[in-house]
Amino acid sequence: MNKDWSEKNKRMQSLLNKEDTFKDAITLLVELRSDVFDQITQIMNGYPEEAFYQMPFGGADGYHSKTLSYSIWHIFRIEDIVAHEMIAEDEQILFKNGYLDKIHPTIITTGNELIGEEIAAFSSQLDRWQLYNYAKDVLESTNKILLSLEYKDIKRKFGDSFKEKLKASKCISEEENAIWLIDYWCGKDVKGLIRMPFSRHHIMHVEAMCRIKNKLCKDARKGVDPIAFCGFSCNHCFLSEWCGSCRTDYNTCSFATCSPNGICPNASCCKEKGYDGCYACDDLVNCEKGFYAPGNDGANAAKAQAMYIGKYGKEEFLKVHDRLHKKYDFSKTQEILGQDISEGLRLLEES
């Protein structure tokens, strides 16, 4: 489990038990939920459409056996149902805000009943950006409900009338692998629902989403040139698990994510000029595009590496990088090569 999320969740659970710290618990819970949702936002912004209905771990046991889109749907359908049908006793966001017509789902349930290829087929039909908007709306509406709670509210329980209400909503499948949710939720008080699903459920599924996208990135990079256009080695990048490299559609390199169409200026320039990389360009030394922008933390390191590749080639560069990582303890290349371009090039040549 993400260490920061785990610590916040543990602290929130402890604060939840006392009246004088209850409001602090809710504030911390909202903060935790925002942190976890930030991961969903990063995944949404960083990966191509096809990533959201792929099942790289299909057939495995665990939350990671699903798709990215299914995971988002499942997390926030459960939250929408529990927050609005049970705690607030008002209309679900799915219906209130017209998301059925926007997302185009084939079900209104939590999706627990779907198995195997049914999950992939369901995911491929969803409008993922409308799904993201739905998730965001549910998150915000639930946060408002949570912030309105008083300590006395957490002991509130849910009886048979709520079981019937949930069954009548048709939002929980009658299949064996889904119908148990009704008894599970109604067996808890409000405090129990705060703990699950409003905190732990998010964490477990979003961590599974990270595992899914990491595998998709790894698969995307198979057989692909590991040298980025700017000269960085994708094999040695601290973001290698997150990124499929700028030579694939799974590019989440920093300059790509903030550039038009997800293509950084270095990659765009090389493609326009027909260059394999910046190391093939005569203007390299004076270039200030993309990663080479003077204010960029990695500018000197990137340019030093590109200059080395231009002089000695990619194969030798990768060998040098392996030796450099053995010689020095660092995660980001700029920590070693970023002080000065000439000094960075010298260190590479000495290694």
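What you are looking at is a predicted structure, and each value in this text was computed from that prediction instead of being measured. All values below were derived from every heavy atom in this structure, side-chain atoms included, with hydrogens, water molecules and symmetry-related copies excluded.
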Where the side chain of [X] meets the backbone of [Y], is there a donor-acceptor pair that is under 3.5 Å apart?
X    : Y    : result
T67  : Y70  : yes
Y279 : C230 : no
E164 : S161 : no
Y250 : W242 : no
N261 : I263 : no
N251 : R247 : no
D249 : P48  : no
K191 : K155 : no
S268 : C264 : no
R77  : I108 : yes

From [atom1] ([X]) to [atom2] ([Y]), nearest 0.5 Å:
X    : Y    : atom1 : atom2 : value
K96  : S141 : NZ    : OG    : 8.0 Å
L193 : R156 : CG    : CZ    : 9.5 Å
H325 : S351 : NE2   : OG    : 11.0 Å
E150 : E19  : CD    : CD    : 9.0 Å
F122 : E117 : CZ    : CD    : 14.5 Å
S14  : M12  : OG    : CE    : 10.5 Å

Using the benzene-type ring in the case of Trp, are the ring centres of [X] and [Y] under 6.0 Å apart?
X    : Y    : value
Y132 : F37  : yes
F76  : H202 : yes
W185 : F162 : no
F291 : F232 : yes

- Query: Got a salt bridge between E316 and R323, using NZ or NE/NH1/NH2 to carboxylate O under 4.0 Å?
  - Reply: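 Between R323 and E316 there is a salt bridge, with a charged N closer than 4.0 Å to a carboxylate O.
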
- Can a salt bridge be assigned to the pair K3 and E7 using a cut-off of 4.0 Å between side-chain N and carboxylate O?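 Salt bridge between K3 and E7, a charged N being under 4.0 Å from a carboxylate O: no.
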
- Message: Please say yes or no: joined through hydrophobic side-chain contacts below 4.5 Å, possibly via intermediate residues, are I103 and Y53 part of one cluster?
- Response: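 No; Y53 is not reachable from I103 via cluster members.
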
We want to know whether [X] and [Y] form a side-chain donor-acceptor pair, criterion being a heavy-atom distance below 3.5 angstrom.
X    : Y    : answer
E335 : Y328 : no
Q305 : H321 : yes
Y47  : Q54  : no
R200 : N9   : no
Q334 : D297 : yes

- With a distance cut-off below 6.0 Å to the six-membered ring centre and an angular limit of 45° from the axis, does K102 pair with Y99 as a cation-pi contact?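 The answer is yes, since K102 meets both limits relative to Y99.
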
- Message: Would K188 and Y184 count as a cation-pi pair here, with the cationic atom under 6.0 angstrom from the ring centre and within 45° of the axis?
- Response: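 The answer is yes, since K188 meets both limits relative to Y184.
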
Would one find more than 12 heavy atoms of other residues, nucleotides or ligands at under 6.0 Å from atom [atom1] of [X]?
X    : atom1 : result
E31  : CD    : yes
E343 : CD    : yes
K23  : NZ    : yes
E174 : CD    : no
D183 : CG    : yes
K136 : NZ    : no
E176 : CD    : no
D61  : CG    : no

- Message: Among residues at least two apart in sequence or on other chains, which ones pass side chain to side chain donor-acceptor pair (under 3.5 Å) with E350?
- Response: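 Checked E350 against side chain to side chain donor-acceptor pair (under 3.5 Å); matches are R346.
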
- Applying side chain to side chain donor-acceptor pair (under 3.5 Å), name anything that partners T110, two or more places apart in sequence or on another chain.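 Here the qualifying residues are N112.
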
A side-chain contact here means heavy atoms from C-beta on lying under 4.5 Å apart; do [X] and [Y] qualify?
X    : Y    : value
L149 : L146 : yes
D276 : D225 : yes
H74  : H205 : yes
I81  : M86  : no
I26  : I194 : yes
R128 : L126 : no
E113 : E118 : no

- side chain to side chain donor-acceptor pair (under 3.5 Å) between E79 and H201: does it pass, once the steps are laid out? CA-CA 9 Å; E79 179 161 311; H201 193 246; over 6 Å; no

Work out which heavy atom in [X] is nearest to a heavy atom in [Y]; give both atom names and the distance.
X    : Y    : result
K18  : Y151 : C-CE1, 3.7 Å
Y292 : C278 : OH-CB, 3.2 Å
G244 : C217 : N-SG, 3.8 Å
A304 : L348 : O-CD1, 3.7 Å
N266 : G290 : OD1-CA, 3.2 Å

- Task: Go through the steps to decide whether H84 and D90 satisfy the test side chain to side chain donor-acceptor pair (under 3.5 Å), and finish with yes or no.
- Result: CA-CA 5 Å; H84 292 281; D90 58 9; 2.6 Å; yes

- Task: Show your working on side-chain contact (heavy atoms from CB on, under 4.5 Å) between N143 and R33 and close with a plain yes or no.
- Result: CA-CA 9 Å; N143 285 347; R33 285 159 52 80; 2.8 Å; yes

- Task: Can you tell me which residue pairs pass the side-chain hydrogen bond (donor to acceptor under 3.5 Å, both in side chains) test with a partner in residues 226-239, sequence neighbours excluded?
- Result: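 Found R221-N235, S233-H236, H236-D322.
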
- Task: Show the numbers, then the answer: is there a side chain to side chain donor-acceptor pair (under 3.5 Å) between D80 and Y134?
- Result: CA-CA 10 Å; D80 197 5; Y134 167 63; 2.7 Å; yes

- Might you work through the salt bridge (Lys or Arg N to Asp or Glu O under 4.0 Å) test for E349 and K311, ending with a clear yes or no? CA-CA 10 Å; E349 290 178 327; K311 290 179 70 174; 2.9 Å; yes

- Option from C253, S245, C246 for which side chain to side chain contact (heavy atoms under 4.5 Å, CB included) with C234 holds: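 The residue from C253, S245, C246 that satisfies side chain to side chain contact (heavy atoms under 4.5 Å, CB included) with C234 turns out to be S245.
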
